[in-house]
Amino acid sequence: MSLTLGLSTAISGLLVSQRSLDLISHNIANVNTEGFSRKTVNAESRVLAGHGAGVQISSVTRTVDDNLRKDLRTETSNWSMSDSLSGYYDRIQDLFGRPGDNSTFSHLIASFGQSLESLAASPDNTSVQWGAVSAAEDMTLNLNSMSAQLQTLRLNADKEIANAVTIINSKLSDILNLNDTIVREQAVGHEIGDLEDQRDVALSDISEYIDIHTFKRDDNTVVVYSGGGRTLLDSATVNMSHTPANTMLSSMSKLGGDIAGLYVGVNDITSELSSGRMKALIDMRDTIIPNLQAELDETTYQLKSEINRIHNQGTSFPNLKAEFNGTRIFVDSSVQTMTVTDGDTILSIYDSDGTETARTSLNALMVAGGASVNGAWVVDTVATRIQAWLQANGAASATVAVSATDGQFDINLKSTTLGLVMRDESADQLESRIFTGSTSIPGQAGNLAIYDSTGALVGSPVAVLATDSLATITTNLNALAGVVANIVSDGDGVRIRVTHATTGNDLLIVPSSTALRDSLGFHGAAQDSTLSFDKDGSGTNDETGLKGFSNFLGLNDFLVTNEPQDLYESAIQSRGWTAAAGGTWSLGDLTNGIGGLGSITIAAGATMTQIVSAINNAQVNSGVTATTVTGVTASMVPEGAGYRLRLISDTGEELQLTQTAGTLLTSLSMQAGATTLASVIEVRDDIKAAPSMMSRGALQYNSDTGVYYLGTGDNTTALAFTERMTTTLSFRTAGNVSVQTLTFEGYAANVVSDTATRADNNSQTLDYLKNLKESLYVKDAAVSAVNLDEEMAQLIIFQQSYTAAAKVISTTQNLFEVLNNLIR
């Protein structure tokens, strides 16, 4: 019995040593296998009937630290996020340039400014004109390209999200299968260590894309949750889903419903991720790149606004424009009104030799038609009065009207020999031409009708005799209530200065004849007129402080988009914004007219979310008391440190938004949005084709002769361009850049610097996370990885154990043989 027990004991030792040697061989074979953890045989003494009966394997275990591996997955997720951001930041910096490069976004603006300086120095040089327009084209094309490439990056990020979803679903399916296999193999006593290793690798792969939490059950199955607590895998997988966009525009946003969400089952978890490649891709698509686009669009908006304002002041003489196509779109010009609140506009017709053939002012033209000075003029009436004047002064076939097709204010002299020139002037201080002495006389008779800023005729017209002295005319003007007239000297001579008794109020002087007009030469200093616009004809102006008559209509824009303004958005507001006071909004478009898209009444305390919900879902809620809006989509779009309220036409038509009650639009700073401008801005087609059509000079006034004139070498407008490019202006908050007072080049440099700073910060974070991840990996390897030295030492031990057990068996066999021989 003891020999049998000894033999059984020796065999058990032999088997345990053999299995240990097998396992050591398995460990060594997988020394370079990613995710493989060292397996260890756990042996225990075997006891039969209270007596030692050898040894047996109690279990084969992995040598792992589960908590350490969870930490490693967490830091892998953080590192992966920063790594993905780094790749996109590199591509963004390739677009915008890096500080110190000579091809940055700011250098692009500077090159355009330098071309304008050359134009100011040589305004009549054809090659310089070509250079200026070419630089403008380069700038706009680069803005278009930068915008397009930013949107391509967003589209790529969106497609990468879809690819990541496929990978995660595949890995979750693998884990589910491994869970099932582990339970089955464990139940029949098979080893499961390698299966657990494969499962850990799959979990690690998932953690690269999203932050996850795991929980291991008693049966060794693993449950997987997203970082936000959504179940990804339990007894079954809950598939993730995302439908990638086919195209990406700068106006598209996730919150606006243009981009599909990232779902776990039916739950949108887009905003719940905190790390991983998917988080980086979502941030790039929805925040980082849109913020850069907003900064690009703000730059474009300010360039377009300022360059066009100046270009509309000037002329391209000796090339004269006979056809003007306005860029402002009027939804219903038969009721919409414009009011000149400050200044006046000179309208002059010139022939191809630069000789003036007719002249009037906008106020004089409207007064002659029965309107009041600085009145609320119906847009169609303004068009009618200008057309009648053009037809009566040499352009018999001229047409001036708001197009029924596109709503734009168009002027066409239909003449090859005549051109129209405009000049805005001050109307609060009118001066005559210069005379050589106070006793000089006008030499022409007639009368002067004086109108005040309310449009009322001041007293009776002042009679002027051909023999009247300046002193007499001045005395007669002073006799009018509210009129102040003086004779002033400036060293070159004397002139009559006429102002309103109330400082800043405008006056209009209308001579009874052209001869008297030219003889006295009353004029104002060149400056932009100021206008207000009543979009819905309600009697309340919706836009105020608009500069320049031609600029208001967009008659001579340099930079254009050739697209309707279909989008309105607020200034950036905090997430918790609520309406301080209520208001009623009216929406319309070119097809449906004023208010044709409905209205919405908003109560004090309403949130952006409530406004968006009411517009999009035709809902009445606690913040919105009534709504009938159709054809408009509202969204709360993240930007910078807050959100914008954005309204966009569903049809892409010109959208009109007005407030019929309250001041909510004003408090929100709702206005035509700059979004998408950088992607569509371009130089006007006729200027691209003929750069000599670019404004360089301006309609000038000669105080000595009382004559308005054009000069071939005049660089007035070109100088204004140069000054505008080199002086500061106020930029609105956009993206990550707050309100700034900078030059165009300075603002662009600020954008480049901000982008570089964020990229550098991410690079530093990436280095830190890489080191942390590698440190955790080394610690994990110290616990779990196969150490060849240790395995070789164990190999020797178990080899000797195996040999010793075999020797015991051999000896026992000999004893059995001796015993058998004795029995024989």
By salt bridge (Lys or Arg N to Asp or Glu O under 4.0 Å), Lys159 pairs with (sequence neighbours left out) none

**OP:** Any chance you could lay out the salt bridge (Lys or Arg N to Asp or Glu O under 4.0 Å) test for Asp258 and Lys254, step after step, and finish with the verdict?
**Re:** CA-CA 6 Å; Asp258 309 303; Lys254 164 66 174 60; over 6 Å; no

Checklist entry - How about Ser147 and Gln151: does a side-chain donor come under 3.5 Å of a side-chain acceptor? => result no

_Apply salt bridge (Lys or Arg N to Asp or Glu O under 4.0 Å) to residues Lys216 and Glu196 and explain how you reach the verdict._
CA-CA 11 Å; Lys216 184 181 287 188; Glu196 290 180 301; 3.8 Å; yes

Only one of Asn78, Ile210, Thr74 passes side-chain contact (heavy atoms from CB on, under 4.5 Å) with Ser275, and that residue is Asn78

Is the Phe731 ring parallel, tilted or perpendicular to the Tyr747 ring (thresholds 30°, 60°)?
-> parallel

Note: Arg98 and Asp90 closest approach over all heavy atoms is NH2-O, 3.6 Å

**Message:** Do the side chains of Glu160 and Arg277 get close enough for a salt bridge, i.e. N-O under 4.0 angstrom?
**Reply:** no

Taken to the nearest 0.5 Å, the spacing of Lys304 NZ from Arg309 CZ works out to 13.5 Å

Between the CG atom in Leu729 and the OG atom in Ser305, the distance rounded to the nearest 0.5 Å is 9.5 Å

Quick one, Lys770 with Asp83, criterion salt bridge (Lys or Arg N to Asp or Glu O under 4.0 Å). Give me CA distance, side-chain angles, the key distance, then yes/no.
CA-CA 9 Å; Lys770 180 181 179 182; Asp83 183 57; over 6 Å; no

Rounded to the nearest 0.5 angstrom, the CG-CG distance for Asp71 and Leu776 is 6.5 Å

Original post:
In terms of heavy-atom contacts, does CG of Asn246 have more than 12 from other residues, nucleotides or ligands at under 6.0 Å?
Top reply: no

Exercise. With distance as the sole criterion, is a donor-acceptor pair present between the side chains of Asp760 and Gln764 under 3.5 Å?
Worked result: yes

Applying side-chain hydrogen bond (donor to acceptor under 3.5 Å, both in side chains) to Thr628 and not counting sequence neighbours gives none

- salt bridge (Lys or Arg N to Asp or Glu O under 4.0 Å) assessment of Arg684 paired with Asp557: CA-CA 7 Å; Arg684 203 175 71 208; Asp557 285 351; over 6 Å; no

Exercise for review: Measure the acute angle between the ring planes of Phe105 and Phe96, then classify it against the limits of 30° and 60° as parallel, tilted or perpendicular.
Suggested key: perpendicular

Hits for side-chain contact (heavy atoms from CB on, under 4.5 Å) against Asp205, two or more places apart or cross-chain, chain-then-number order -> Lys171, Val201

One should read off an interatomic distance between Leu141 CG and Ile681 CD1, to the nearest 0.5 angstrom, of 11.5 Å

Result for side-chain contact (heavy atoms from CB on, under 4.5 Å) between Leu233 and one of Asn179, Leu203, Ile212 points to Asn179

Check whether Tyr88 forms a cation-pi arrangement with Arg154 (NZ or CZ under 6.0 Å from the six-membered ring centre, at most 45° off the ring normal). no

